[in-house]
*Asks:* 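Sharing a structure below in structure tokens format, with a few things to ask.
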Amino acid sequence: HRGVEEPCRRQGPRSRLEIHPLKLSEVLPEAAIRLDMDGRDKWQVLEALTDSLVGSEQVDPAHRADVHEAILIREKSMSTGMERGIAIPHTSVDRVSKTAVALGISRDGIDFEAIDGKSTHLVILLVNPAEGTKAHIRTLAEIARLLSNGDLRQSLREARSANEALELIRGAEASVT
């Protein structure tokens with residue numbers, strides 16, 4: 001019996017992993033990484049990152065206003081500024097068919113009304129399709145877990161190009177998976 005039961009046990013976890021969180025590097029195009037967030041306030045950063053979603057062809061220009069409004073409504077209801085210099089503004093809308101992501105980096109820091117009261121240096125804007133709630137939550141958790149790495153956060157702050165930032169993220173993902 002043991003030989004029969006063992007494959008069944010392995011089958012269960014595998015089927016649960018079918019809805020896996022997306023790796024940040026899989027959904028973040030280089031064209032949506034901005035290194036120029038210094039000197040902006042929270043609302044200007046959200047505006048610039050929404051433009052990056054459109055510029056990187058993740059959001060249709062015709063839907064930009066609706067997506068941006070959903071981001072603002074979410075952010076006004078409760079700040080997405082977390083601890084350790086991270087903010088993950090996020091929303092779900094029916095105007096996107098797949099996860100859209102942009103990254104803004106500020107060396108000087110932004111007042112993002114973070115829960116620890118400190119400046120925010122990394123802003124990851126996440127927009128998910130309205131019907132993908134489970135995947136949305138898992139992707140948020142994956143991003144937060146990845147950015148819990150202090151060395152990665154510091155290296156991203158010091159990145160000199162979007163390509164370098166994306167390579168840093170890929171390297172960090174490879175070391176934890």
Side-chain angles (χ1 to χ4, degrees), residues 22-61 63-91 93 96 99-128 136 139-176:
L22 297 170
K23 288 185 176 181
L24 182 56
S25 66
E26 293 173 349
V27 292
L28 176 62
E30 189 175 323
I33 299 174
R34 303 278 303 262
L35 306 175
D36 60 347
M37 295 293 109
D38 286 336
R40 298 175 191 240
D41 68 23
K42 170 183 187 169
W43 308 109
Q44 291 168 328
V45 168
L46 293 173
E47 183 88 26
L49 292 180
T50 303
D51 288 342
S52 292
L53 294 178
V54 174
S56 61
E57 300 180 348
Q58 297 179 83
V59 170
D60 186 307
H63 302 302
R64 186 223 180 269
D66 292 339
V67 169
H68 187 64
E69 182 179 353
I71 293 162
L72 295 180
I73 289 169
R74 168 62 183 89
E75 193 63 33
K76 287 176 183 175
S77 72
M78 183 171 60
S79 179
T80 55
M82 299 169 64
E83 298 173 306
R84 299 180 291 214
I86 303 166
I88 309 177
H90 56 279
T91 191
V93 296
V96 296
T99 300
V101 183
L103 167 62
I105 300 172
S106 170
R107 285 176 182 75
D108 297 339
I110 303 157
D111 179 3
F112 221 88
E113 302 170 19
I115 58 174
D116 64 2
K118 296 183 179 174
S119 292
T120 295
H121 298 277
L122 304 172
V123 181
I124 299 91
L125 177 60
L126 177 66
V127 180
N128 276 302
H136 177 80
T139 301
L140 268 171
E142 177 68 18
I143 291 169
R145 183 185 64 79
L146 181 68
L147 293 176
S148 68
N149 177 329
D151 291 338
L152 174 60
R153 292 192 312 272
Q154 186 60 39
S155 296
L156 285 171
R157 282 177 63 181
E158 297 168 1
R160 298 284 175 218
S161 69
N163 185 339
E164 181 183 349
L166 195 53
E167 288 304 315
L168 288 165
I169 292 166
R170 285 186 182 120
E173 288 171 339
S175 71
V176 295

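Counting begins at 1 with the first residue of the sequence.
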*Asks:* In Å and rounded to the nearest 0.5 Å, what is the CZ to CZ distance from Arg84 to Arg153?
*Replies:*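 Output value for this atom pair is 5.0 Å.
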*Asks:* Between Arg34 and Ala48 (side chain of the first, backbone of the second, donor and acceptor by atom type, cut-off under 3.5 Å), is there such a pair?
*Replies:*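 Yes; judged by distance alone, with no hydrogens or angles, the pair exists.
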*Asks:* Answer yes or no: is there a donor N or O on one side and an acceptor on the other, between the side chain of Gln44 and the main chain of Asp41, under 3.5 Å?
*Replies:*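 Such a contact is found between Gln44 side chain and Asp41 backbone.
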*Asks:* Strictly distance-based, threshold 3.5 Å: is any side-chain N or O of Glu142 a donor or acceptor partner for the main-chain N or O of Leu24?
*Replies:* no
*Asks:* Rounded to the nearest 0.5 Å, what's the gap from CD1 on Ile86 to CD1 on Ile124? Could you check?
*Replies:* 6.5 Å
*Asks:* Before you tell me yes or no, could you show the steps for Met82 and Ile88 under side chain to side chain contact (heavy atoms under 4.5 Å, CB included), namely the whole-Å CA-CA distance, both residues' side-chain angles and the distance that decides it to 0.1 Å?
*Replies:* CA-CA 7 Å; Met82 299 169 64; Ile88 309 177; 3.6 Å; yes
*Asks:* Between Gln58 (side chain only) and Val101 (backbone N and O only), is there a donor and an acceptor less than 3.5 Å apart?
*Replies:*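 Answer holds: yes.
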*Asks:* How close do Thr50 and Leu46 get, counting heavy atoms only, and between which atoms?
*Replies:*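 Shortest heavy-atom separation between Thr50 and Leu46 comes out as OG1-O, 2.7 Å.
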*Asks:* Can you give me the closest heavy-atom contact between Leu103 and Leu28, atom names plus distance?
*Replies:* N-CD1, 3.8 Å
*Asks:* How many angstroms lie between atom CD1 of Ile110 and atom CE of Met37, to the nearest 0.5 angstrom?
*Replies:*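 Those atoms lie 7.0 Å apart.
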*Asks:* Is a donor on one side and an acceptor on the other found under 3.5 Å between the side chain of Arg157 and the backbone of Ile105?
*Replies:*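 Here the side-chain-to-backbone pair does not exist.
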*Asks:* Is there a side chain to side chain contact (heavy atoms under 4.5 Å, CB included) between Leu152 and Leu147? Walk through the geometry before answering.
*Replies:* CA-CA 7 Å; Leu152 174 60; Leu147 293 176; 4.1 Å; yes
*Asks:* With a 6.0 Å cut-off (strictly less than), is the heavy-atom count around CD of Glu30, excluding the residue itself, greater than 12?
*Replies:*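 Counting other residues, nucleotides and ligands, CD of Glu30 exceeds 12 neighbours.
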*Asks:* What closest approach, in Å, do Val93 and Val67 show between heavy atoms, and which atom pair accounts for it?
*Replies:*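 So the two residues come closest at CG2-CG2, 4.1 Å.
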*Asks:* How long is the straight-line distance from CD1 of Ile71 back to CG of Leu125, given to the nearest 0.5 Å?
*Replies:* 4.0 Å
*Asks:* If you look at every heavy atom in Gly109 and Ser119, which pair is closest and at what distance?
*Replies:*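 Taking every non-hydrogen atom into account, CA-CB, 3.8 Å.
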*Asks:* Under the criterion side chain to side chain contact (heavy atoms under 4.5 Å, CB included), I'd like the reasoning laid out for Leu156 against Ile169: C-alpha separation, chi angles, the key distance, then a yes or no.
*Replies:* CA-CA 8 Å; Leu156 285 171; Ile169 292 166; 4.1 Å; yes
*Asks:* State, yes or no, whether a side-chain contact exists between Pro89 and Val123 at a heavy-atom distance under 4.5 Å.
*Replies:* yes
*Asks:* For Glu69, I'd like to know if atom CD has over 12 heavy atoms of other residues, nucleotides or ligands within 6.0 Å.
*Replies:* no
*Asks:* How long is the straight-line distance from CG of Leu146 back to CD1 of Ile143, given to the nearest 0.5 Å?
*Replies:* 8.5 Å
*Asks:* Is Asp38 reaching over with its side chain to a backbone N or O of Asp108, donor-acceptor style, under 3.5 angstrom?
*Replies:* yes
*Asks:* Applying the side chain to side chain donor-acceptor pair (under 3.5 Å) test to Thr80, which of Glu75, Glu113, Arg74 qualifies?
*Replies:* Glu75
*Asks:* Between Glu173 and Arg170, is there a side-chain N and carboxylate O pair less than 4.0 Å apart?
*Replies:*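 No.
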*Asks:* Let me confirm one number: the CD-CZ distance from Glu47 to Arg40, rounded to the nearest 0.5 Å.
*Replies:* 10.0 Å
*Asks:* Looking only at atom types and distance, does a side-chain atom of Ser79 sit under 3.5 Å from a main-chain N or O of Phe112, one as donor and one as acceptor?
*Replies:*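 Yes, because the side chain of Ser79 sits within donor-acceptor range (under 3.5 Å) of the backbone of Phe112.
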*Asks:* Knowing that exactly one of Val96, Asp66, Asp51 qualifies, which makes a side-chain contact (heavy atoms from CB on, under 4.5 Å) with Val59?
*Replies:*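 For Val59, the side-chain contact (heavy atoms from CB on, under 4.5 Å) test succeeds with only one of Val96, Asp66, Asp51, which is Val96.
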*Asks:* Do you know which two heavy atoms are closest between Ala102 and Ser52, and how far apart they sit?
*Replies:* CB-CB, 4.1 Å
*Asks:* On a heavy-atom basis, which atom in Ser25 and which in Leu166 lie closest, and how many Å separate them?
*Replies:* CA-CD1, 4.2 Å
